Peer 1: 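So that we are looking at the same thing, I have put the structure below in structure tokens.
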Amino acid sequence: MKKILIIIALLLLIGCEAGTPTAEVPADPPEAETPDFEQSVEEEAEAEEEPTEEDIVASIDLTLGPNELGEIMILMYHGIGPEESVWQRTPDNFRKDLEYMYQNGYRMISLNDYAKGEISTEAGYTPIILTFDDGRQNNFNLIEKDGEMVLDPDCAIGILEEFKEKYPDFNVTASFFLGTNPFGQIEYAEEKLTWLIDNGYDLGNHTYSHEKMEKLNSEQIQIEIGSVNNIIKEYLPDYAVETLALPHGSNPKNEYIEFMIEGEYEGNKYETIAVLDVGWRPAYSPFDILTNFYSLYRVTASEINVDNCGINDYFKQYEENKRERFISDGNPDVVTIPKRHMEYLNMDMVGDRIVNIYE
Ligand SMILES: [Zn+2]
């Protein structure tokens, strides 16, 4: 009987937490903190026999060559449209990219998870991140069909959803970096933004006027970032925009960088956990001391005019083992690395995770 009561109490407690609107509101503690309850929870935990650190490490399959200090590509897309250019990929080429990624051991993760080091990619696979700048209509387009508005199958979301259905274990997701007019079709803006969040995509900030940040002062930077966040907040009051793609890859002057990371505009505060440069090269692992989350490298996802540093150049270099890609150990609570990379491990980022080093 006592056990049943404990389970009910636990369920109630969990239920309460899930219903709390923000994580910052402290949970109401009273009955839950009686000594009797605490002790019983301990007994329960013991009864379940939690695996020890050794058990967890032993369960990592080293034959898959896990390397959680390998590189992760943050792909930079802009438009999806009829002509291939530096700033646009054709629907067929985008499908070709996705097919290649899936067949060659890449699985998607969100930029937000990368920035938090929360990588739950299946063991033996490489995380990859998709980003789209400018919030173009061809990223998320609705078209009329038989008197109804439906998803354009050749827009970015149309194609991503096609692959989500085709390969459920691809973990399809992407971040869309928006300015003032998210995806055109203003009458559907709320519907589109809500749909994206409900379907596992993320929204990022691409600033109000697409100005070079290097030209702006602290006040202007806060207007540029804060006003876009506020526009998104009008549609999605509970969604916090935490990522920023720098227009033209232009960083603020050193003395103003702090306003890119934290600021306030019209009473709303913002905090940025990841800032993206323009396309150049793959990013380092989030656990690598070389990673600067406020200046993350990206790879241009197109084939034209990118000086041998476009998406296909890097895919090829990984195939030829000229670079090392991140290979997941399958456990987000463990960071598994080959010994030769040890000196690059950022212990602040590792935090409470278990470090697993092997020869
Ligand atoms: Zn842009």
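Every value quoted in this text rests on a predicted model; they were computed, and no experiment measured them. Whatever order the structure lists ligands and atoms in, that order sets their numbers, starting from 1.
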Peer 1: Once you measure the plane-to-plane angle for His206 and His210, does it fall in the parallel (<30°), tilted (30-60°) or perpendicular (>60°) bin?
Peer 2: perpendicular
Peer 1: Quick check on the Zn ion (ligand 1): does His210 put an N/O/S atom closer than 2.8 Å to it?
Peer 2: yes
Peer 1: Parallel, tilted or perpendicular: which one describes the rings of Phe176 and Phe183, with boundaries at 30° and 60°?
Peer 2: perpendicular
Peer 1: Check the side chains of Tyr297 and Glu71 for a donor-acceptor pair under 3.5 angstrom, ignoring hydrogens and angles.
Peer 2: no
Peer 1: Check all N, O or S atoms of Asp134 and name the one closest to the Zn ion (ligand 1).
Peer 2: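 For Asp134, the N/O/S atom sitting closest to the Zn ion (ligand 1) is OD1.
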Peer 1: Any Lys/Arg nitrogen of Arg95 or Glu99 sitting under 4.0 Å from an Asp/Glu carboxylate oxygen of the other?
Peer 2: no
Peer 1: Closer than 2.8 Å to the Zn ion (ligand 1), do we get an N, O or S atom from His78, backbone or side chain?
Peer 2: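 For His78, the answer is no, given that no N, O or S atom comes within less than 2.8 Å of the Zn ion (ligand 1).
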